[in-house]
Each structure stands twice: as C-alpha cells, then as structure tokens.
Number of protein chains: 2
Amino acid sequence: MIADPAARRDVPDATVARLPEYLRALTDLAGRGVASVSSEELATAAGVRSAKLRKDLSHLGSYGVRGVGYEVEVLAHEISRQLGLAQNWPVAIVGLGYLGHALATYSGFANRGFHVVALLDRDPEVVGKEIAGMIVGSVDDLEQVVTGRGVAIGVIATPAASAQEVCDRFVAVGVRSVLNFAPCVLSVPQGVDVRKVDLATELQILAFHEQRKTESVREIRPLLEVSP
Amino acid sequence: MIADPAARRDVPDATVARLPEYLRALTDLAGRGVASVSSEELATAAGVRSAKLRKDLSHLGSYGVRGVGYEVEVLAHEISRQLGLAQNWPVAIVGLGYLGHALATYSGFANRGFHVVALLDRDPEVVGKEIAGMIVGSVDDLEQVVTGRGVAIGVIATPAASAQEVCDRFVAVGVRSVLNFAPCVLSVPQGVDVRKVDLATELQILAFHEQRKTESVREIRPLLEVSP
DNA sequence: GCGACTTTGTGCACACGTTCACAAACATCT
DNA sequence: AGATGTTTGTGAACGTGTGCACAAAGTCGC
C-alpha cells in the first residue's frame, strides 16, 4: 500500500456507472490508432459533457496533462484497473433460453475481463447441449460448480419464478455479485450486490416519454389545422 | 381536458424509472388475488422504501386512502395509463442475433402494452425465417415497414458498426424513441429519446464493487490470521 | 357520534449529482 | 526566458433526488 497515489475510495456511484462507457470509447480510439485525446473529444465519443468527464476522471486521480489531454492507452489502462478488469472474473450463467444464449455467446464479455466458466439450466432437454463451446450443466450442480470454478459473479437469466431460488443458492456458496435479468425483485443479505436489467422496463420508460410527445402534438395540432 | 385531476407534467425522471417496477409488483399482487395494499407492503414488493414509494405516487395524483392503503386494480390501471401502456405501441426490432431473438420471443412485451410488428435483419440467411410467429424482413425495407405499420419504438440489436445507420434511418422516418442494445453511443437530433442497455456495462459495474469487497477482505485478513 | 388507531401525502432538511467558470499547469513559439 | 495559447482539475453554485417526521384524513369499535 505504498505506491498508490490514487484516491481509491469515494468514487461516486454515478461516476462508476459511466466508467465502462469511457473505457469503451477509449478502446475505440486506441483501435483507430489515436494516441491522445482532449476531454472534449472523449466526452463527445462517450455522449457526455466535457466538464462531467473531467470531474469523473478526477475521482480516479490525475491522469491528464494540462494543455495537452489524456494519453489513450494510459487512461484506458487506469480505468480498466479501477473497474477491476485486470483480473479475469469467472462468471456463471443460469438459464439458457434465448437471453441466456445471447449472454453466453456475447463476445463483449471475453475481451473485457470476464470469463464465462459455467452454463447451467434446469431443463433436461437443454442440459448437455453445447453452447458457445461449452457444455450446459444441470442447475442441480450449481453449488459444486460455483465453488469448484471460483465463480465470483452470477448471472440469472431464468424465468421470474426460479430467480429467487437460484439467487439464494448463489449467495449461500459465497457469490456476492448478481446480475438479474428476471423481472422480479431479489432479496439478498447485506454485502451482496444485485443489478437488475429488465427489457420491458426500458420500453415502458420510453413509452412514457413517447406518450408525452404525442400528447404535445395533439395539443398543438388544432392550432396547425387552422391552415390546412 | 376537463376531467383530469392529475398533475400530468413534472413527473421526475427518477420516479418514471421506478413506475414499471411498481406496476409489476401490483400485477403480481393482483394475480394472487390481493385487492388492497399499504405503501409499506407495496414498497417491499418493489424493493424500495415506503416513503419513496408514496412520494413517487404523489406525483401521479392521489390514489390512496389514508388509513387503508391503495386499491391494487385502481393503482395498477392508473400507472399503466400514465406510462402510456393503455395504447399498444408498435415496436420494430432490427438485428436478430441471439439477443434480437430473445427480445422477439420475450412474452413480457405483449402483455404490457407493446406489440412487436416487425423483425428486420441484414443477413440473407436470416431474412425469411420465422421467429416468434413472424417472418423476418430485410432491413432494406425498414422505411417502408416503419411507415406502413406505424412503428413508434425502434429496438436496435445489431452489432455496434451498424447501429448508427439503423438509428439514422429510424429517425428519418419519424421514430422518436429508440432502445439501443449495441455497445456504442448513438447521436440523434433533439426530440428523439435513446435508452441504452449494455450487458457488459452492468457486469463492469458489478466488477468494480466486487473488487472493492475483495480488497477489504485482503486488508482485514491479516487481523484474522492471528488466530488460526 | 366520538375517540383510538392506521396510513397517506407532504413540507423540510439533507445528500448527491451536475454545470459553470476559472486558476493552475503544461506546451509552443519567438 | 517570457509571452501566448491550450486544456486540465476543481471550488462554488445550482438542481435533483432521498429520507424523516408529522399533520391530515380516513376506518373501526363502541
């Protein structure tokens, strides 16, 4: 703990949520051979304002050079490290419907510090099948697989009815990070993080705003219809 | 615009983002025959605190009865209406890899005010196949399909490289709500809403917290190892 | 009808997040 | 070396979201 100048603790949640996007933008730039970026350019690539980007990065430490900008490689490496992508997190996916299938074959994981080490399903029809170069195991072996392969992150892509049970079993064998795609609330003890992704939720939020827009049009239209 | 007591405008974004979860919890309760809930019970079911729930609901109007609680059916209907789920939004999905497949077959859409009216892909191998009872069309016909079937919400499940092009074409024919699953930033004109869902992002956020937890353990362990 | 009890709706204080605006720190050119 | 120009890092102001605590408004029992 000697050579660590960074602030370490106290990175705001809102900032953490944006770091992956910054990292993606930086990886893009690096791929196109760009060596250096200003906060303005990087912010545009990440879809935020430059002031926000700079404040976010300031929480990680001081990796830019005034009057110049940021070295793409250096900053990407630093964000990677802070996000914990230096290590290769072993991930288990439970539930191999189309969504689980999509997650298992998603290449975005492998090259970003994640390694899918287990696919589990309940359905005997699915167990034994090969998906993305792996054999699907039975969910009955969850405990053995998680402990045996050191799974750190559990992904739940089952129907809502099974989600809590799978979650409980994950937690019971020491998993403290869960990504939940089932449309239900998971209750977990303190110290366990659950992030939820619900496809229907996102559509509903869009629908809310879409409706407001259509209503506005309906309110304006009478004014327009005076001149047909 | 006479019989509308609700506040209508000024529903905070944070509240809108939670309404779908409340609606889901209410639908659950209704399915189990529950007729009335207190804010405390509903909050637990939705994974929030009761004070937050009540404040959220207060933005929609006053649909509870003091001393009693909320009527499940009434509140569910009201939230549905506010979210704009009374109408049936026509949705088009572009890109039918595993993720697009998962979205197309996801039953959570149909019974929540959304209707998938078009599936489009670029790959001639995929075009013409039947998925979830629909024939996959060619992305070349995007404009015709969107205008012809009145698509209001566009879902992009293509690789990142094609996402911006598909988005531009959506916007050009009047789509103002886009759900983007491609790992890239989409630039759109003012008035168009884009929501982004990135599977890798969620995992990275989990990894960040997981790393912090493991670091804490490493700092504490020496103290524990004194007594083996 | 009235008191006791329950639960909502909300004013207020606080915490968190965002934006502005600028001094500090570097590069470059003369 | 000094003047000029550029871009970062950050204090300070502002806005949004959260949690507390309680008055208001209802039910229920007698």
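The figures here come from the full heavy-atom set of this structure, side chains too, leaving out hydrogens, waters and symmetry mates. Keep in mind the model is a prediction, meaning the values are calculated, not measured. We name chains A, B, ... by the order of the sequence lines, and we start the count at 1 in each one.
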Distance-only donor-acceptor test (3.5 Å): side chain B/K55, base C/dG9: no

Between the first and last five pairs of the helix from C/dG1-D/dC30 to C/dT30-D/dA1, the angle of the axes, rounded to 10 degrees: 10°

Whole-Å distance separating the CD atom of A/E41 from the C1' atom of D/dT7: 11 Å

Value rounded to 0.5 Å, distance of CD1 in A/I205 from CD in A/E210: 14.5 Å

For atom CG of A/D56 and atom P of C/dT18, their distance in whole Å: 7 Å

Pair A/K213-B/D193, salt bridge (charged side-chain N to carboxylate O under 4.0 Å, His left out): steps then yes or no: CA-CA 10 Å; A/K213 284 186 246 177; B/D193 278 328; 3.6 Å; yes

side-chain N/O A/Y63 vs D/dT7 OP1/OP2, d < 4.0 Å: no

Atom pair distance, as rounded to whole Å: CZ in A/R49 and C1' in D/dT8: 18 Å

Flag if over 12 foreign heavy atoms under 6.0 Å of NE2, B/H77: no

Closest nucleotide among C/dC20, D/dT8, C/dG17 to the A/A14 side chain: C/dG17

Identify all pairs in which a protein N or O lies below 3.5 Å from an N or O of nucleotides 22-30 of chain C, and state each distance.
| unit_1 | atom_1 | unit_2 | atom_2 | d |
| --- | --- | --- | --- | --- |
| C/dA24 | N3 | A/R66 | NH1 | 2.9 |

CZ on B/F170 to CD1 on B/I156, rounded to 0.5 Å: 6.0 Å

Separation of atom CG in A/L53 from atom P in C/dG17, rounded to whole Å: 17 Å

Phosphate OP1/OP2 of D/dG9: any A/S62 side-chain N/O under 4.0 Å: yes

B/D56/B/K52 under salt bridge (charged side-chain N to carboxylate O under 4.0 Å, His left out): CA gap, chis, key distance, verdict: CA-CA 6 Å; B/D56 281 342; B/K52 192 188 274 188; over 6 Å; no

d(CG, A/L57; P, D/dT10) in whole Å: 11 Å

Whole-Å gap separating P (C/dT8) and NZ (B/K52): 17 Å

Donor-acceptor pair, side chain of B/E73 and main chain of B/A30, under 3.5 angstrom: no

Separation of C/dT6 P from B/E40 CD (nearest whole Å): 14 Å

side-chain N/O A/S39 vs D/dT7 OP1/OP2, d < 4.0 Å: no

Neighbour count above 12 (heavy atom, 6.0 Å) for A/E71 CD: no

Under 3.5 Å donor-acceptor, B/R169 side chain and B/V139 backbone: yes

Residue whose closest nucleotide on DNA chain C lies nearer the 5' end, B/V37 versus A/R18: B/V37

pair B/L19-B/L60: side-chain heavy atoms closer than 4.5 Å: yes

Separation of C/dG17 C1' from B/D13 CG (nearest whole Å): 14 Å

